[in-house]
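Keep in mind that the numbers below use all heavy atoms, side chains included, and drop hydrogens, waters and symmetry copies. So you know, we letter chains A, B, ... as the sequences are listed, proteins then strands, and number each from 1.
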Number of protein chains: 2
Amino acid sequence: MTDTAPQNDPTTPNALPKGIRFAGVAGGIKASGKPDVSLIVTDRPAVMAGVYTTNQIVAAPVILTRSKTPTATGRVVVTNSGNANACTGDEGMQNAKAMCALAAELTGCDAADVMVMSTGVIGQPLPMQKVRAGIESAAGKLGDAEADFLASADAICTTDQFRKTVSQAVSIRGHEYCIAAMCKGAGMIAPNMATMLGVVMTDAPIGPKAAQTSLKEIANQTFNRVSVDGHMSTNDTVMLVCTGMSESENVQELTVEELAVWQEAATQVALKLAKMLVADGEGAARFFEVRVSGAANDDDAFVIAKTVAASPLVKTAITGGDPNWGRIVSAAGYAGPKIEPERTCLVIDGVMVFENGTPLSIDAAKLSSAMKSNSEVLADLKVGDGPGTASFWASDLTEAYVRFNSLYTT
Amino acid sequence: MTDTAPQNDPTTPNALPKGIRFAGVAGGIKASGKPDVSLIVTDRPAVMAGVYTTNQIVAAPVILTRSKTPTATGRVVVTNSGNANACTGDEGMQNAKAMCALAAELTGCDAADVMVMSTGVIGQPLPMQKVRAGIESAAGKLGDAEADFLASADAICTTDQFRKTVSQAVSIRGHEYCIAAMCKGAGMIAPNMATMLGVVMTDAPIGPKAAQTSLKEIANQTFNRVSVDGHMSTNDTVMLVCTGMSESENVQELTVEELAVWQEAATQVALKLAKMLVADGEGAARFFEVRVSGAANDDDAFVIAKTVAASPLVKTAITGGDPNWGRIVSAAGYAGPKIEPERTCLVIDGVMVFENGTPLSIDAAKLSSAMKSNSEVLADLKVGDGPGTASFWASDLTEAYVRFNSLYTT
């Protein structure tokens, strides 16, 4: 099974975690008729953890699901796309609860054990008749085949241009566990304020506290280090579903050392998904990584990398394949954390352009050609002699992005 | 004298502060042959104060001038455009000092009393032969006519599409003082990293300490509240020149109350210039003000307003005349400072679209038409019941901006 196309190798063992069924259907929420309702149902009570947007303007499904995690008795993740159920007042919360209640009824569990996610247009009430029809249809189609997993992954998409799934095995304690994950893109297109939604699933035995801590660390290393346009949604949610801790089987939870092995693998899975998000950013032509070293600590390095990646001037230089190092260096200079200008060095795609505060004579045309021929550009920025390092991944800024997002569509 | 075209009414008394001569010439630094060297020379020692970029990657002229202000013995502000003298190492500092020394020699003062500013391409040594020729030529053309003032204002421009000057009288203690100011734009175009440079001049009697404090407050209320693309330059400088405190005449310094009157007028002058900067932002089609109220304090309101104004999704909605309130409200939600979602209200160009956390039914097409017919859009955002307020002005984000800035020109 490859990273981006699990459907290409359906014979791989452990392509999907044991004990989970999936469905994705078109309930009619999207005018396009594309799939818009997803169900993920565990056979037995499972550990579920979540990380959520820190936006204070937060959608009803986020408020509701956040109140239920972490849990050791999760059973369902129900998701609709096409409508974010955000900024929808009391009615929005009632509708989010109704989605949980219906999914619980149809799958034979308690509504408290159902998590809900929504993504799509904000400020409009959910079309509950269509949402109900979609959940009912999905409940009748649950299956554990790869096609079911992919149908679920398709149904959470909005403006995504391609499906985003990753699956990987990890061997711990002589046992092979599976980590499979899906997400949908952060690209935004009016009037939708699309959302980053993700579900990471595993059959490894992880308890709720460990799951919550681990998910937070995974997200900090991956989904929190990518950006299309820096706008944080009202609905961003990543869930972790762990089916391996069935109480009836009395399986032993992973030790701290074992969990670290699992977490490293899960971080790689999430990083692959996160990079797919950026590559699928609206109007994105090129993708770039800002790698900062030499900062006082990792937090400082993160702030610098994020600031450089967010600069519209840096983004447009990447779009144009322009090795305009002044934009990168000066963005680092205003990021906030202390840097050492006299020790600052910048290497773009392997070519040092700025060394210890002094510009180097380079063949700019040659470097530009190299940048243009790569779909991914690497800016390696050393800001001093400290131990802090961080990477951040971002899409460039194109005329197509502006065109998409300035269209009048309200 | 109008705000934007002082040349239209040269008969107005006090069109320019007394005791200052100006010149602007083409020294050949710009390949285009446009003016690129400006001199501002006071007849007698004057108070000079400055506020500077907080970027840690900072140009030699900023380091040098910053070390000299505030002063009560300033005589000259020499500026070149076409080359920022930034990231130019030791040679850059030698060249900045040489500019001061030459201007001092030609105007008969001490190099310590000469302030220097530069703007233009970064990372390239100043073409000193041309810079010297320009300073020599300018020194021979100094005059106190309006044409001289305007020539000086023209010579500090880079990618500006129009000259930016404002002049205003203020009556204090029965005496009419003048405040005249010039600035150049923050628009950026590769390979230039253009810079915000400004000089505010007055013949009011203000001492160096008061001048420095007052200039900082003025800049915080004006130049620090505008943004084209959020990228802070290596060279940003605003100077305040006060000629009214000649020691020989024993003029009495403005009292605290009088200074407040002067500062209010100077703030209005600077605000007009700041708005011109935004209106002249690269590729800018429309200009918008984010006015935040109800925050816990003014600092919180400022952070919220700045975050909303910086969001590419908000900017592109303004470009498209799209009353996409979700983008504005959600940007406020991730800005950081605490807001009250249930008390958040948004009024766009006089139409309330979101009230106490609930979307209102509006005629979106009509509002869009109104937005498109205005060159300036006002988003009035109430985030709670606190006393904090702030305004921020920004340009929109257009395809033209991306086109300009992604051109390969290194």
Side-chain angles (χ1 to χ4, degrees), chain A residues 53-58 86-89 122-124 188 190-191 193 229-234 310-314 316-327 329-334 338-339 341 344 354 357-359 364 368 396-399 401-410, chain B residues 53-58 86-89 122-124 188 190-191 193 229-234 310-314 316-327 329-334 338-339 341 344 354 357-359 364 368 396-399 401-410:
Chain A
T53 180
T54 56
N55 200 315
Q56 295 175 73
I57 302 288
V58 59
C87 296
T88 43
I122 82 172
Q124 293 182 13
M188 303 200 177
M193 167 156 303
D229 57 18
H231 202 103
M232 185 198 290
S233 135
T234 52
S311 160
L313 277 180
V314 171
T316 48
I318 300 294
T319 301
D322 184 355
N324 196 320
W325 53 267
R327 297 181 178 182
V329 169
S330 64
Y334 70 71
K338 179 139 180 49
I339 66 171
T344 294
F354 192 67
T358 304
S368 174
D396 59 356
L397 176 59
T398 64
E399 294 180 58
Y401 173 89
V402 176
R403 201 156 46 239
F404 284 153
N405 285 299
S406 61
L407 286 175
Y408 171 69
T409 46
T410 301
Chain B
T53 180
T54 56
N55 199 316
Q56 295 175 74
I57 302 289
V58 59
C87 296
T88 44
I122 82 173
Q124 294 183 12
M188 303 199 177
M193 168 156 302
D229 58 18
H231 202 103
M232 186 198 290
S233 134
T234 51
S311 159
L313 276 180
V314 171
T316 49
I318 300 294
T319 301
D322 184 355
N324 196 320
W325 55 266
R327 297 180 179 183
V329 169
S330 64
Y334 71 71
K338 180 141 178 48
I339 66 171
T344 295
F354 192 66
T358 304
S368 174
D396 59 357
L397 176 59
T398 64
E399 294 180 59
Y401 173 89
V402 176
R403 200 155 48 238
F404 285 153
N405 285 298
S406 61
L407 285 175
Y408 170 70
T409 48
T410 302

task = Looking only at non-hydrogen atoms, find the nearest pair between A:I57 and B:G333 and report the distance.
result = CG1-CA, 3.9 Å

request  = List in chain and number order the residues that pass side-chain hydrogen bond (donor to acceptor under 3.5 Å, both in side chains) with A:T53, two or more places apart in sequence or in another chain; answer none if no residue qualifies.
outcome  = none

ask   = Partners of A:T319 by side chain to side chain contact (heavy atoms under 4.5 Å, CB included), sequence neighbours excluded?
value = A:D396, A:T398, B:S406

inquiry  = Restricting to non-hydrogen atoms, name the atom on A:C87 and the atom on B:P359 that form the minimum distance, rounded to 0.1 Å.
reply    = O-CD, 3.1 Å

Heavy-atom pair with the smallest gap, counting every atom of A:K338 and B:Q56 = CA-OE1, 3.4 Å

request  = Would you mind telling me which of A:G89, A:A86, A:G123 has the largest number of heavy-atom pairs within less than 4.5 Å of chain B?
outcome  = A:G123

key: chain A contacts, top residue of B:N55, B:T358, B:V329, B:I318 (heavy-atom pairs, under 4.5 Å)   = B:N55

query = Under a 4.5 Å heavy-atom cutoff, which of A:A331, A:A332, A:A310 has the most pairs with chain B?
reply = A:A331

key: For the student: nearest non-hydrogen atoms of A:T234 and B:S330, plus distance   = CG2-CB, 3.8 Å

